[in-house]
Amino acid sequence: MSADLIPVSQKQALTKKDFQSDQDVRWCPGCGDYAILAQVQKLMPELGIPRHDIVFISGIGCSSRFPYYMNTYGMHSIHGRAPAFATGLKASRPELSVWVVTGDGDGLSIGGNHMIHTLRRNVDLKILLFNNRIYGLTKGQYSPTSELGKKTKSTPYGSVDAPFSPAQLALGAGSTFVARSVDVEPPHLLSTLRAAATHKGSAFVEIYQNCNVFNDGAYSYMTEKAVKADAQLVLEPGKPLVFGKAKDKAIRMNAKLQPEVFTLGKDGDLSQAIVHDPTNETLAWMLAHLAPPHFPTPIGVFRSVERPAYDALMNDQEKDVLAKKGKGDLQKLLNAGETWVVK
Amino acid sequence: MSADLIPVSQKQALTKKDFQSDQDVRWCPGCGDYAILAQVQKLMPELGIPRHDIVFISGIGCSSRFPYYMNTYGMHSIHGRAPAFATGLKASRPELSVWVVTGDGDGLSIGGNHMIHTLRRNVDLKILLFNNRIYGLTKGQYSPTSELGKKTKSTPYGSVDAPFSPAQLALGAGSTFVARSVDVEPPHLLSTLRAAATHKGSAFVEIYQNCNVFNDGAYSYMTEKAVKADAQLVLEPGKPLVFGKAKDKAIRMNAKLQPEVFTLGKDGDLSQAIVHDPTNETLAWMLAHLAPPHFPTPIGVFRSVERPAYDALMNDQEKDVLAKKGKGDLQKLLNAGETWVVK
Amino acid sequence: MESTAQKTLGDDSHLRVVPPTVEELDTVTVRFCGDSGDGMQLTGTEFTKSTAILGNDLATFPDYPAEIRAPAGTLPGVSGFQIQFSSHDIYTPGDAPDVLVAMNPAALKTNLPDLLPGGILVVNTGAFNETNLQKAGYAKNPIDDEQLQAKYRLFKVDITKLTELSLEGSGLGSKEIARSKNMFALGMMCWMYGRPMDNIIDGLRQKFTKKPEIAEANVQVLKAGFNYGETTEAFSHKYEVKPARLAPGKYRNVTGNQAAALGFVTAAARSGVRLFLGSYPITPASDILHELSSYKNYGVMTFQAEDEIAGIASAIGASFGGSLALTTSSGPGVALKTEAMGLALMLELPLVICNVQRGGPSTGLPTKTEQADLLQAVYGRNGESPIPVLASSTPGDCFEAAYEAFRIAVKYMTPVLYLTDGYLANGSEPWLIPDPAKLPPITVKYRTDPEGFHAYQRDPKTLARPWVIPGTPGMEHRVGGLEKDSLTGNVSYDPQNHEKMIRTRAEKVARVADEIPPTQIFGEPSGDVLVLGWGGTYGALHQAVESLQKRGKKVSQVHLRWLNPLPKDLGEVIRRFQTVLVPELNLGQLSKILRSTYLVDCVTLNKIQGKPFKVAEIVAKVNELLERPRA
Amino acid sequence: MESTAQKTLGDDSHLRVVPPTVEELDTVTVRFCGDSGDGMQLTGTEFTKSTAILGNDLATFPDYPAEIRAPAGTLPGVSGFQIQFSSHDIYTPGDAPDVLVAMNPAALKTNLPDLLPGGILVVNTGAFNETNLQKAGYAKNPIDDEQLQAKYRLFKVDITKLTELSLEGSGLGSKEIARSKNMFALGMMCWMYGRPMDNIIDGLRQKFTKKPEIAEANVQVLKAGFNYGETTEAFSHKYEVKPARLAPGKYRNVTGNQAAALGFVTAAARSGVRLFLGSYPITPASDILHELSSYKNYGVMTFQAEDEIAGIASAIGASFGGSLALTTSSGPGVALKTEAMGLALMLELPLVICNVQRGGPSTGLPTKTEQADLLQAVYGRNGESPIPVLASSTPGDCFEAAYEAFRIAVKYMTPVLYLTDGYLANGSEPWLIPDPAKLPPITVKYRTDPEGFHAYQRDPKTLARPWVIPGTPGMEHRVGGLEKDSLTGNVSYDPQNHEKMIRTRAEKVARVADEIPPTQIFGEPSGDVLVLGWGGTYGALHQAVESLQKRGKKVSQVHLRWLNPLPKDLGEVIRRFQTVLVPELNLGQLSKILRSTYLVDCVTLNKIQGKPFKVAEIVAKVNELLERPRA
Ligand SMILES: Cc1ncc(C[n+]2csc(CCOP(=O)(O)OP(=O)(O)O)c2C)c(N)n1
Ligand SMILES: Cc1ncc(C[n+]2csc(CCOP(=O)(O)OP(=O)(O)O)c2C)c(N)n1
Ligand code: SF4
Ligand code: SF4
Ligand SMILES: [Mg+2]
Ligand SMILES: [Mg+2]
């Protein structure tokens with residue numbers, strides 16, 4: 001059942017269409033979720049994994065309807081717990097490709113604990129967090145990623161909760177792969193998803209997603225054509241942190257161990273710019289802190305390091321024990337300990 | 001009822017003894033919890049807060065028996081939820097001094113979500129996490145801080161879960177105050193607790209605690225007399241990161257943005273050493289990563305920054321609305337909207 | 001179809017010459033239905049307001065599509081709003097509409113089966129184009145069907161086009177124009193039932209203060225709809241529904257969620273104590289959170305927690321601190337709170353847990369109504385963990401039930417579980433605005449006297465322990481979830497003490513029965529059939545029993561406010577009837593409790609379709625019982 | 001007190017001249033008690049092993065102190081282990097000990113009230129010093145009390161000193177020496193009841209392989225204890241308890257938690273499918289997790305989750321993937337799982353939820369036993385959410401019940417709730433080792449044929465849907481917690497479909513009754529009193545009924561394996577008895593269910609003290625019923 005057993009011919013036969021289920025897609029017209037669905041469906045054939053070896057598991061939320069639209073195996077579970085369902089499945093069936101789709105409420109509010117533990121364990125799951133900074137499905141309450149002061153149905157006078165940075169939280173939990181992309185940047189999204197898919201271990205991808213009904217324009221500060229080049233910092237491994245319409249701005253670390261923006265050729269030269277290295281712990285953290293108004297918003301892979309996946313370790317341990325002790329004999333087990341015979 | 005209203009005479013009258021309740025302390029003889037209790041009881045009189053304005057709230061675990069031993073108000077709640085109980089109390093009674101006592105299982109396993117949300121919100125709670133890297137109360141299963149490979153009752157072949165670093169997790173959640181101390185370092189513990197007590201906002205203190213029954217010697221690598229000076233890095237704001245028996249080792253940042261140990265006078269001089277600044281985001285993170293075998297274990301305050309506390313914001317907002325709208329008139333509220341009279 | 005509109009619009013013969021016949025009606029049920037984007041909820045709400053002001057009694061039933069906005073024109077995207085109004089007391093939004101306004105084919109498809117034969121059917125022909133017909137699964141246009149025309153009084157109106165025409169030159173985009181067509185439908189109905197439009201117009205102007213051009217467009221279309229009725233001869237009849245003889249007083253229209261929120265605020269105001277709500281959003285309970293969040297100047301604090309557990313835990317923390325503590329949710333969220341409820345009952349702190357029930361199990365039918373969380377409320381915790389449980393019966397009654405929940409919670413120092421449901425939560429009715437001063441008081445007395453204080457020393461009558469809050473000098477004490485000494489509250493593992501505490505907690509809840517007034521029987525105190533219900537089915541059961549009584553049947557009704565404990569006299573009441581019928585929107589949960597309590601072989605009537613009972617369903621069942629041969 | 005020891009040791013007159021009288025006994029109950037640090041559990045376990053090998057029937061009851069190790073010598077720190085052994089079948093660890101070994105004053109204080117008058121009381125005088133007496137709250141030394149000496153057969157032995165003496169020169173520290181004094185007590189009891197010590201000695205050597213000096217010290221003290229009985233005249237009697245006539249076969253001793261773990265492993269082995277346990281530690285369920293964690297080479301995977309919710313969720317995920325999925329917990333943890341249970345029943349996937357019940361509510365009495373989670377098991381979820389519920393009745397029976405739980409879960413594609421309790425979990429009994437081949441098969445057939453596949457197409461007999469696991473080509477499908485179409489499993493909001501699904505899920509669980517064999521009645525099929533119980537009370541009820549029958553009373557026993565559904569013939573069985581007595585360690589939970597199901601006015605007998613029933617309590621109640629005047 002593993003991917004490698006599939007004849008090449010069949011691999012090639014799959015197209016994006018093969019990954020579209022027969023269910024009508026029911027998001028609001030204009031919802032950013034459509035764009036994400038399209039890129040995921042586009043990526044799938046590339047992976048060379050047959051449809052039946054792929055499972056999408058979600059919680060509850062608009063974003064969590066996702067599995068219904070994928071012509072793979074799927075589970076629309078309960079609110080916040082998708083990583084836990086997925087952990088059980090992946091640990092017991094490591095040969096499957098298991099994806100988790102969640103929202104900022106599902107994955108970070110009620111489901112925050114499962115999320116951090118899954119990342120800590122490094123379960124080999126691809127976790128897509130659709131961050132629209134709002135509870136869409138329940139019609140517009142603020143979420144743990146909504147900005148301070150946000151007025152929503154449950155905060156008519158503005159929220160007083162400081163938001164999480166999903167990337168920071170994932171790093172804090174020890175995630176081996178942390179990335180960010182945007183619904184309206186299809187090629188960037190596709191390449192980010194691809195990087196996640198090929199990572200061995202938990203891959204946490206935050207996707208900025210516009211909820212045009214309850215939080216329209218949440219990301220226009222960095223997606224609008226006019227500001228985009230200055231507002232986005234596209235991370236590329238081995239490349240310096242350079243951005244801006246004229247590619248004339250860069251980021252360096254100052255003497256106080258703080259990042260700062262400088263203008264190339266004016267305040268400094270390219271050699272001072274930090275070179276992106278997704279294996280550098282400190283850098284990933286620093287990048288996760290860059291935010292407007294003083295900095296552009298980084299998108300791309302913040303961190304990507306190797307560490308054995310939980311499911312692999314678990315199955316290896318099982319194999320080890322089997323190798324050492326042999327397959328357990330049930331009769332022996334039942335008869336273990338002190339026994340005696342009554343005649 | 002607030003601390004400021006207490007006459008100075010009464011403040012001075014309190015001693016450590018006043019904070020000892022009439023309940024027998026029931027930890028195992030030799031448990032590190034005793035030492036922590038002693039320091040907390042020692043600190044209390046210093047704070048000048050009357051006993052009746054102090055509340056200790058815990059979850060379930062050995063450590064969570066703590067409130068019973070404090071002659072203050074207290075609640076021994078349910079497993080993992082102490083921060084949530086405390087949030088409700090503190091938000092509705094901001095004048096109280098509210099402390100949370102929890103364990104590595106209580107606070108980071110089942111209670112991980114409440115922990116990170118409380119830290120994100122910056123609720124003005126003093127959170128003491130007794131980290132013994134084991135489930136004590138349930139007699140010895142591994143916890144989310146147990147080291148990889150640990151053999152426990154539930155992992156007879158060794159655990160395959162990579163542990164959390166509590167400090168990293170707290171930073172990832174946006175905690176405004178993150179510190180670490182050790183049960184067997186009373187003066188250090190006392191001063192760390194004092195720093196936490198005076199911080200406005202969530203103060204997260206990880207306390208290394210020895211469970212001599214189920215995980216004896218978990219910290220001997222850094223508490224034993226012989227190794228201590230080389231194994232501990234005591235953090236002091238404004239001071240360079242220097243350690244070692246001969247105070248001859250220091251830590252600097254290399255060109256690849258990675259920390260490294262160097263010998264003073266040999267590989268470099270004091271000016272290269274990083275100077276501790278608890279307001280520096282990047283530094284706090286880097287310190288939270290320092291760990292044996294290549295680095296000493298930092299103890300002290302990793303991070304301490306100002307950010308409005310959730311409870312304060314909530315109460316300020318209430319005051320604002322009251323100021324703007326006046327005290328709500330129930331009759332008017334009931335009669336709001338379109339009304340008509342039937343005769 | 002286009003041709004229909006063309007003809008209607010191009011031909012002057014439809015302009016009125018004869019004034020319409022005015023027919024007087026007793027009761028009318030109107031249902032607006034259309035795509036979720038068609039604004040049917042707003043249409044219904046505005047029509048309701050107008051009807052309320054006219055003094056009719058009324059009840060409403062909004063029926064949203066499932067949680068996600070389905071693509072326009074599809075069957076799952078249909079949204080409906082039903083209102084029944086009457087010149088006498090009514091108790092339900094009506095079994096079946098007399099009038100159906102269908103804004104598109106999908107709406108017609110899903111709603112037509114409910115329309116009474118001979119009923120008025122208004123369709124927006126403008127939406128009956130190929131695409132929409134196909135989306136609705138119609139092979140051919142149903143409104144051309146002669147059978148349909150024979151069965152109903154069909155009125156084809158090209159609302160789409162008429163709206164466009166009335167806004168020609170308004171400068172609005174086609175999207176905005178399309179969005180106002182609901183106002184046309186509303187205008188027509190206002191004309192047909194003689195509803196005043198002033199308050200609707202005021203309402204629109206207020207709603208769109210920031211977009212006056214939209215407000216005016218809506219007003220214009222509303223008027224156009226009204227005028228269409230007035231000046232064309234499309235409709236031959238107008239109807240009049242006289243005001244109902246409601247009890248005198250000042251009224252407003254409330255939904256159940258609004259009423260519950262007001263009940264909670266009133267409890268806080270009357271007790272002089274802050275209300276603290278710890279909650280996590282969930283359909284259909286979220287609106288209580290929304291309402292209360294806006295009452296910051298009424299001594300209300302709301303905390304949107306990270307999950308349901310933190311919601312209830314924060315509330316318990318606040319209760320420990322002296323607040324009136326509340327947590328609101330629906331079934332799946334309540335499931336998560338059950339562990340913490342156990343702690344609340346061990347700590348013996350006041351707390352109200354409000355469950356706005358929805359269709360289950362699991363995620364189930366989140367936007368639909370059901371009564372299937374009763375057993376969870378009464379029995380759904382580990383250990384012997386008794387909690388008083390009460391339920392509200394109509395939208396307006398949510399006010400009283402919410403208030404009562406707090407009165408008992410405080411008086412008995414106990415968590416109280418308050419059940420309402422999606423039908424009550426979103427439905428509305430005219431509500432006689434109460435005078436809070438006339439409500440029974442909620443008396444909060446924190447104990448402050450350290451003399452002889454023991455944390456679990458009880459009031460001999462209620463068995464309540466004292467409420468002592470942090471900040472009180474000299475009374476420092478610790479509480480927790482381990483079994484505690486029956487006097488001091490210190491941890492106790494003593495076997496006898498455990499049994500004593502288990503029995504005391506049970507007895508305390510049993511004593512809440514002292515608060516329940518003698519059972520009110522609607523009808524004779526004995527007879528052939530007792531219709532015994534609880535919760536949101538009140539209206540349907542009441543209307544059914546009333547109509548049966550009118551037909552001389554010996555049928556009475558009892559509707560329970562308290563489910564745990566049950567009223568002391570209920571067993572006796574039950575025994576006075578030949579048959580007890582227990583209709584429920586579940587598989588028979590109350591009847592399980594009644595059977596075990598009174599060993600009574602009650603007859604069940606169960607419906608689990610996410611919908612309320614119809615009056616006719618109850619009447620039919622009772623008649624069946626009356627007709628069956630006696631054993 | 002020191003003087004007593006001195007005298008005993010210094011004076012040779014106590015050395016045996018006459019051999020002791022050997023008395024034959026039918027049944028003996030011994031209780032070892034001491035400080036938690038005194039090793040009473042080990043002592044009890046070793047004595048049990050020896051007794052088992054001798055072929056007595058036996059039952060044990062370890063009674064730990066509350067969760068934290070209390071300071072040495074205090075009342076809360078007392079730990080006890082009781083064993084009843086017999087030459088015939090016995091079913092409980094005994095109501096009251098015939099022999100009490102008390103290692104310190106605190107142990108005497110808390111345990112003496114249970115000792116039968118005339119019983120043997122062995123006290124370690126060495127521990128009766130000022131400090132310990134004070135900690136136990138004794139004003140003066142109780143063993144000097146003449147009343148005590150009159151009431152019991154008191155033997156004062158300075159075990160502390162004798163242990164020290166026997167290890168003089170061993171080079172061991174005083175701490176180690178003190179720790180071995182339990183072996184002295186064990187040795188004495190082995191002598192008194194003629195238990196062989198070889199296996200104990202082997203066991204000690206194995207246990208301390210890495211510390212041979214400790215092993216040898218323990219052996220030496222054990223022997224010293226034995227020899228003390230043999231050579232001194234401290235005890236005048238020895239006792240003999242002949243082997244019981246147990247069914248022939250090979251036996252071992254198991255605790256309930258061990259047996260349950262073995263049952264689960266056997267289910268996996270028999271079905272050929274991997275067992276997946278997702279769990280979070282909690283007393284008294286943790287041992288099942290510990291056991292299963294060590295079975296990695298038996299196709300068992302264990303996942304210690306971050307909380308109970310992740311425990312069950314991971315299990316459901318594994319079940320989706322084709323594993324036999326299990327989650328284990330106790331009351332408060334089960335409360336947290338109720339939301340996910342609802343999902344499992346919507347997904348219709350096999351899953352076993354095992355609740356090892358403990359004293360509640362809330363944290364309650366975590367180390368004590370209780371049966372108060374039955375209503376939670378049957379009713380404790382939101383919505384109409386039926387789940388089969390079964391319970392085990394003895395430690396050994398946990399094996400069968402665990403196996404049966406999986407058999408039903410797989411056959412009916414449903415979550416199954418399996419109830420055991422702290423008493424069964426930690427108690428032990430001789431267990432006839434079963435032949436797994438003789439167990440009814442557990443047949444797992446994943447559907448792999450895509451032809452005509454529908455995810456919710458049902459087996460006409462069991463109503464089970466097909467189990468199709470990811471990895472199966474051509475059968476990709478999606479499941480979820482929203483209501484689903486009765487055939488395809490796609491989301492459906494159709495009202496009729498919802499009712500159909502609600503009724504189908506209920507019917508499926510009802511059909512599990514087809515699996516329940518006709519009710520076994522111990523005793524006559526009709527009579528005066530039927531003692532009807534469930535779960536861990538089996539032993540006490542059985543022994544009580546047996547003794548009543550011996551006295552000619554018309555009393556029979558039925559003990560339920562299945563609580564939901566109930567056996568089809570149970571109503572009829574019940575009606576054949578004048579009175580039905582339902583003894584429970586709760587406030588009457590099964591009786592609530594029986595009352596509502598059969599409208600039977602059963603008599604309840606409730607005990608909620610964290611302790612099992614005593615046989616005498618049952619006997620007394622039945623006698624009371626038999627004697628009461630008939631109405
Ligand atoms: C236990 C439980 N609590 C609450 C809910 C209600 N609920 C469903 S989705 C949701 C939040 C959705 O927000 P998010 O995860 O951001 O998803 P989005 O809809 O924005 O994509 C909530 C509160 C639920 N279904 N179950
Ligand atoms: C809901 C629930 N789940 C599980 C438990 C069992 N339990 C009690 S404490 C504990 C872990 C304690 O570990 P930790 O927090 O590290 O505290 P320690 O005893 O080590 O101080 C567990 C699993 C419980 N009481 N309640
Ligand atoms: S509510 Fe928002 S997130 Fe949900 S489907 Fe609509 S646009 Fe998308
Ligand atoms: S088990 Fe460990 S943590 Fe618990 S009281 Fe004993 S030594 Fe302390
Ligand atoms: Mg969202
Ligand atoms: Mg711990």
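Residue numbers begin at 1 in each chain, while the letters A, B, ... track the order of the sequences. A quick note: this is a predicted structure, and the numbers were derived from the prediction, not measured.
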Examine whether an atom of B/His289 lies under 4.5 Å from a heavy atom of chain A, and if so say whether it belongs to the side chain, the backbone or both; otherwise answer neither.
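Answer is side chain: those atoms of B/His289 sit under 4.5 Å from chain A.
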Examine whether an atom of B/Ile110 lies under 4.5 Å from a heavy atom of chain A, and if so say whether it belongs to the side chain, the backbone or both; otherwise answer neither.
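The backbone, not the side chain.
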For a quick test of reading the model, state the closest non-hydrogen atom pair linking [X] to [Y] and the distance between them.
X: A/Asn280; Y: B/Lys256; answer: ND2-O, 2.7 Å
X: A/Ser109; Y: B/His117; answer: O-NE2, 3.5 Å
X: A/Tyr310; Y: B/Asp161; answer: CE1-OD1, 2.8 Å

What residues of residues 315-322 of chain A sit under 4.5 Å from chain B when you count only heavy atoms?
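Those residues of residues 315-322 of chain A which have a heavy atom under 4.5 Å from chain B are A/Gln317, A/Val321.
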Pick from [options] with the largest number of heavy-atom pairs that fall under 4.5 Å of chain A:
options: B/Leu171, B/Ile116, B/Ile274; result: B/Ile116
options: B/Asp277, B/Leu257, B/Leu108, B/Val123; result: B/Leu257
options: B/Gly172, B/Gly174, B/Ala173; result: B/Gly172

Region of [X] in contact with chain B, defined by heavy-atom distances below 4.5 Å:
X: A/Leu119; value: neither
X: A/Asn122; value: neither
X: A/Pro163; value: backbone

Heavy-atom contacts under 4.5 Å, residues 78-87 of chain B to chain A:
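Checking residues 78-87 of chain B against chain A gives no residue, so none.
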Sidechain-backbone polar pair: A/Asn113 side chain, B/Gly111 backbone, donor-acceptor under 3.5 Å:
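Checked: no pair found.
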Exam field: side chain B/Trp285 to backbone A/Glu281, donor-acceptor pair closer than 3.5 Å
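Yes, because the side chain of B/Trp285 sits within donor-acceptor range (under 3.5 Å) of the backbone of A/Glu281.
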Side chain to side chain, A/Met253 and B/Thr282, heavy atoms closer than 4.5 Å
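The answer is yes, as the side chains (C-beta and beyond) meet within the 4.5 Å cut-off.
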Quick check on the interface: out of A/Met286, A/Met314, A/Gln258, A/Gln168, who has the most heavy-atom pairs with chain B under 4.5 Å?
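Ranked by contacts with chain B, first place is A/Gln168.
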Using a cut-off of under 4.5 Å on heavy-atom pairs, state which of A/Lys325, A/Arg307, A/Met115 scores highest against chain B.
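Sorted descending by pairs with chain B, the first entry is A/Lys325.
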